[in-house]
S.K.: 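The structure under discussion is supplied below as C-alpha cells; questions concerning it will follow.
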Amino acid sequence: MTTPNTAAAAPTLSEDAAAVVLETRGLTRNFGGLVAVNAVSLRFLSGQTHAVIGPNGAGKSTLVNLLTGHLPVTRGEILFKGRTITNLPAHRVSQLGIGRSYQKTNIFPAFSCFENCRLAAQSRLSTSMRFVRPALAYHTVNEKAQAALEACGLARHRDRAAGTISYGEQRQLEIGMVLATDPQLLVLDEPLAGMGVEESEMLIGLLKRLASRYTVILVEHDMDAVFSLADVLTVMVNGTVLESGPVDMVRASQAVQDAYLGDGEEAY
Amino acid sequence: MGELPPFLEAHGIHTYYGSSHVLHGIDFRVGQGETVALMGRNGMGKSTLIKSLLGIVAPRQGQVSVDGQAVSGADTHAIIRRGIAYVPEGRGIFHNLSVREHLLMVRRSGAGKRREWNYERVLDTFPRLAERLETMGNHLSGGEQQMLSIGRALMTNPLLLILDEATEGLAPLIRREIWRVIRAIKDTGIATVIVDKNVRVLLDLADRHVILVKGEVVYDGGPGPLRDDPDILKRHIGL
Amino acid sequence: MDLWILLIQVLNGVQYGLLLFLVASGLTLIFGIMGIINLAHGSFYMLGAYLAYWLAASTGSLTLSVLLSLPIAAAVGYVIEALLVRTLYRRDHLDQVLLTYGLILIFNEAQRMLWGNDVHSVTIPPVLAWSLKLSDTLSYPVYRLFLSAVCGLLAIAMYFVITRTRFGMWVRAGAANRDMVAALGINVKLLFGVVFAVGAALAGLAGALSSPVSSVYPGMGDSVLIICFVVVVIGGVGSIKGAFLGALLIGLADTFGKVFMPNFASFVVYGVMAAVLLWKPRGLFA
Amino acid sequence: MSAARPIVDRLPRRLLVVLLILVALLALYPAYGPLLFPAKHGFLLQRLTGIMIVAVMAMSLDLLVGVAGLVSLGHAAFFGLGGYMLALLSPAYEGANLWLALPLTVLGVAAAAVVVGFLSIRTSGIYFIMVTLAFGQMGYYFFNDSRVAGGSDGAYIYVKPTVELFGKTLIDLDDKLTFYYVALGVLVGTYLLLRMLLASPFGRVVRAIGVNEHRVRGLGFNPVLYKLVAFTIGGSLAGLSGFLAATQYGFVNPAMLSWHQSGQVLVMVILGGMGTLFGPALGAFILEFARLGFESITDHYLLLMGGLIIGVVLVLPRGVGGWLLTVTEHRPADPDQEAP
C-alpha cells in the first residue's frame, strides 16, 4: 500500500510548496463512535483535477464538508495556500475562494436561474448590507452572473424558475453558482449523481472545460467520468485513504480492485 | 433451472421524484425461496425500486402483488405484513431504543404461524448482539447496527428478506460475518433480494441477477452468462 | 415554622408540576412522534375541566365524572386527528399552527355556547375534603396530596408503558424514524391516532382533576397551553423525561416565584425558559 | 422550510390594478363613507384606522416569517413596547413632541429587538417560535406585574403627540380624519419601504435565507448577521405600529404585548399569504372584516372565525395572497415554459 503522500509525486507537477493549494494533515472526524474520516493527509496541487472516489460510507462527503467548513473537525488541520482554515465557518471558507457544489441539488428553486447565479455573484460584494439601491442595479454583479450562467450552459433558461428546469440542468446550475463566486478552488461533490446518460455527457464536457481553468477536487461515483477527468486519484475506504496517486497507478492497484469488486476471499 | 412460483411480482413500475423520472417501467419478480441479486451502479434506481415495491415511495404506474394478492397502493405496513422484512440502506436503527427493544418490538409469527426465528435464535446467530442487549442504537458500531437490522428483520419470520447494501462501509471481517449469516438465511428457504457492491459474492450466492441501468432492467437471468462474459458486468457495473 | 411553609411550597410546586406534566407529555409526544404543533392541546384540558364540572353537576359524583371525561376527551381527540390533523402531516408547521389556532377558537366558542361565560367551581368529594394539620396555624389540603399522588402514579404508569411495553417501543421508534416503523409492518396511522387520543385524554384528565383546585373558567386552556409549551421546550421537544423534569422545574419556579418575587412570578417562569434555551438551544434532553 | 415560498419581484399587472383600487377605496372612504353608512361612518373610520395600523404590524412580521423564515410568536412585544414608549415619553398633561418621541421609540424598540434577536437567532424551528414567545411573555409580565405605566391596568395618554414645526402645528393627530390619512400614509409607506428592502442586495440575501439558509452560508454570507438585521427592522416597524395604535386609542395596556396579539397577527400573515407583503396586509383586513361581519350575524362569531381559518388552511395552502398571485399571473401561452 502506498502512502497518501504519493499524491504529491504526480507526474505533471513537481512537489513544490507553492503549488499546494489545499492540504490536510491527519484530518479526522468522529460521529459518536463512528470515525467517518480517519487521519486523512492529502495535498491538492494547483491546476490539477484531483478525484476522490470510494464506496458509500467511505467518508467522501464528510471530507468535503470538512474541507469547506460545513462540519467542524475533530482532529487534524486544513491548510489553504499555507494558511490554516481549520474550523472556519463555511461562509468564511467560501469568501477565501473555495467554492463547493453539493451532492444533493442545493439551489433556490423558486428563484430564476439568473437570480441563483446573481445571488452567488453578489456574495463577492464587499458587503450585502445595502438597503436602498435595487440589487439588479449592480451591473458588475449582473455581468458576473450572466457569465456564470453562460459558462454552465444555461443562458437560455435565464429567467425560468430553477425548480422548473430538468434535474440535469439543476446540477449544471449548481456548478454555475459556484463559478459565479469567483472561486480559486472548486470542490465538486458528486456533480453527476443521479443524471441520465446524455445529461452526464453534457456535464462531463462542462467539467472538462473547468478542469483546464481551475484547480478541482472532484468527489464522484461515476468511474468513466473520473478516469476521463482526473489527474490524480484518491481512493477512500472506511474513512481512510486506501490509495492516492496518478490515475493509472491507482486504477491498477489490487487493493482498489478489491474495494470495488470484493476481495474474493470473503468465504462465508 | 425451473421457474419458482412467484412470491413477489411487479409489472411496469414507473416512479418519479418530483418531475424526475427514476424508474422506467420495471418488471421484477422474486420466486418463493429464491435469492435475487439486484445490481447496478449508484443512482440507477435500485433503492427506489425496493421502496416502490414496499409502498414507501408511491409508483405513478404499475402493479405489485405479494403472494398472489395485489398490493398496489396499499400502506407500507400492510405490504410488509404479507411476509416481507426490509433491511434498508443506512440500516434504519432507532437511536433511542436498545438492542433488546429493537428485537422485541417486531417479534411476531410469520405467515402460517411460522415461528422459526425467535429472540433466542437471533441472538445465537449474532452473538455480538447478545453481548450488547441494553446498548442504545446510537452507541452501536456500524457492524453491530447492521447485524441488529438483519436480526430485527428475522424476528418477523418473513418469507422474503430484502437487504439493501447490507455490507456497505463495514470492515472486511464484519462483512464476512454478514455474508455468512445471509448464506445461512438463504439456506433456511427464505427468499432474499440483495443489493450489494460485492459482485463476486453475489455471483456465487444468488440464483438470479437483475441489473438496472438508468431505471431500466438491462439484464435478468442466472449467474452463468455473467461469469462467462465479464464484459456485461464491466459495462453496467464495474470499474 | 419556616420549614413548614417551605414544605408546603414544595408540595404545591410539585403538585403543579405533576399536573403540568400530564398535559405537556401529550403535547411533546404529539410533536415528537407526529411532528404536529398542536395549539389546540390546551383545549382538551379545558374540555376535561368543563366535562368534570358539568357531569358532576348532573351525576353528583366527581369521581364518576372524571372517569367519564377521560374516554370523551380521547374520542374527541381521535376524531379531530382523523378528520383534520391527518391532512397536515406533510405540511408546513405554520399550516399546523394556523389550523390548530382555528380549532382553539372553535373550542372556546363551543365552550361559551354550551356552558356560558361564568366561572364555575367544583366541589371536592367529601372523602377528600379535609386538611392535614401540620402545625397550630398551618394545614395542607388532602385533595392536593391526592392530586399529586394520582398524577405521580400516572407518570409512573406512563413511564412503564413507554419504556417497558411494545406500544411504548413503537412510540419511541416513531419519534426517531416513523418511515422505518411503517417498514417494520406497524400501522403508523393507527399509532398516531392512538397517541393523539391518549394525549387528549391525559390533558382532559388533568383538567378534570384540577377543576376543584383551580375552578373552571373560559379560556383556561390557553394559559395552560402556553405554560406547557414552555415545559416541552425546556425539556427538549419529544422527550418525556424532559417534559417531566421541565414540568417540575416550572412548577417549582412558579410557586417559589410567587413567594419570593410576588410581582414577577410569571416573569420568572419565562426567564427560566430563556435561560435554559440560551444554555441549551434545543432543550435539556433533545 | 417550505420551498414554494412565493417570489414577488414585480406584481402581475392585474394584481397591481386590484391593489391600487383597494388603496383608492381606502383613500376615498372619507368621501363616500358617510353616504353609504350614515349611521356607522364614524365607527368604521376608526375601525379602518385601527386595521391599517395592524396591517403595518402584519407586514413587519411578514418580513420575518414569510421572507426570512423566522417564525416569531413574540412580535407583539415590539408592538406593545412601541406603545409604552409613547406612554412613557408623554408628559402628564401635554402631548409628546413627535419629532422626539417617534425616533426615540423606534430606536428604543430597535435596541430591544437587537437584544432579543441576538439571543433567539441561535435557535431554529419550533425552538425559535418558543424562545420568541418566551421573550414576548416576559415583556407582557414585565408591564403586567410591575408598577411601570399603571401595571396591569395600563396607562392613558391624555394628549396626542404634537407635530409642530417652528411652533406651528403641521398635523393635528387629534383629528380623526387626519389620523386616518396618517395611518394610510404609514401603511403605504411601510409597504413601499419593505418592497425597496426586498429588492436591495440585503433583501435578496434575506429572502434566500428564508428558502435555503444552508446554501446561503455556503455562498459566503453569514446568515446570522442578516437575520439579526431583518429581525431588528421587523421589530422596529412593529414598534412604529404600536406607537400609532397607542396614539389612536390614547391608551396602552399589557395585552398589547400578549401572545394572543402575536398569534392573531401571525394568523393574518399566514392567512394573507406569507412572503407576499401585500398578502398579510390583506389578511389584516380580511380577518377584521370577517370579525365585523360575523359579529353582526351571531354572538358566537368566533366559531365562524375558527371555521374560516381552518377552511383557508385546507383550501388555500399559500394563503389569500398566494392565491391572488396565481390567478392574476395567468399567462396564456409562453413557449419558454414548455418542458424541453
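Note: hydrogens, waters and symmetry copies are ignored here, and every other heavy atom, side chains too, is used. So you know, we letter chains A, B, ... as the sequences are listed, proteins then strands, and number each from 1.
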S.K.: Chain B: which of C/Ala173, C/Gly168, C/Ala175, C/Ala182 shares the most heavy-atom pairs with it under 4.5 Å?
M.R.: C/Ala173
S.K.: Which bit of B/Ile56 comes within less than 4.5 Å of chain C, counting heavy atoms only: side chain, backbone, both or neither?
M.R.: side chain
S.K.: Heavy atoms only: give me the nearest C/Leu184-B/Ile80 pair and the separation to one decimal.
M.R.: C-CG2, 3.7 Å
S.K.: Under 3.5 Å, which donor-acceptor pairs link chain B and chain C? Put them in a table for me, please.
M.R.:
unit_1, atom_1, unit_2, atom_2, d
B/His77, NE2, C/Asn187, OD1, 3.4
B/Arg81, NE, C/Gly185, O, 2.6
B/Arg81, NH2, C/Gly185, O, 3.1
B/Asn96, ND2, C/Arg172, O, 3.1
B/Glu101, OE1, C/Arg172, NH1, 3.1
B/Glu101, OE2, C/Arg172, NH1, 3.3
B/Glu101, OE2, C/Arg172, NH2, 2.8
B/Leu104, O, C/Arg166, NE, 3.1
B/Leu104, O, C/Arg166, NH2, 3.2
B/Met105, O, C/Trp170, NE1, 2.9
B/Arg107, O, C/Arg166, NH2, 2.2
B/Arg108, NH1, C/Leu184, O, 3.1
B/Arg108, NH2, C/Leu184, O, 2.9

S.K.: Apply ring-ring contact (aromatic ring centres under 6.0 Å, His included) to C/Phe196 and list each qualifying residue two or more places apart in sequence or on a separate chain.
M.R.: none
S.K.: If you compare all heavy atoms of B/Phe94 against all heavy atoms of C/Ala176, which two are closest, and at what distance to 0.1 Å?
M.R.: CD2-CB, 4.0 Å
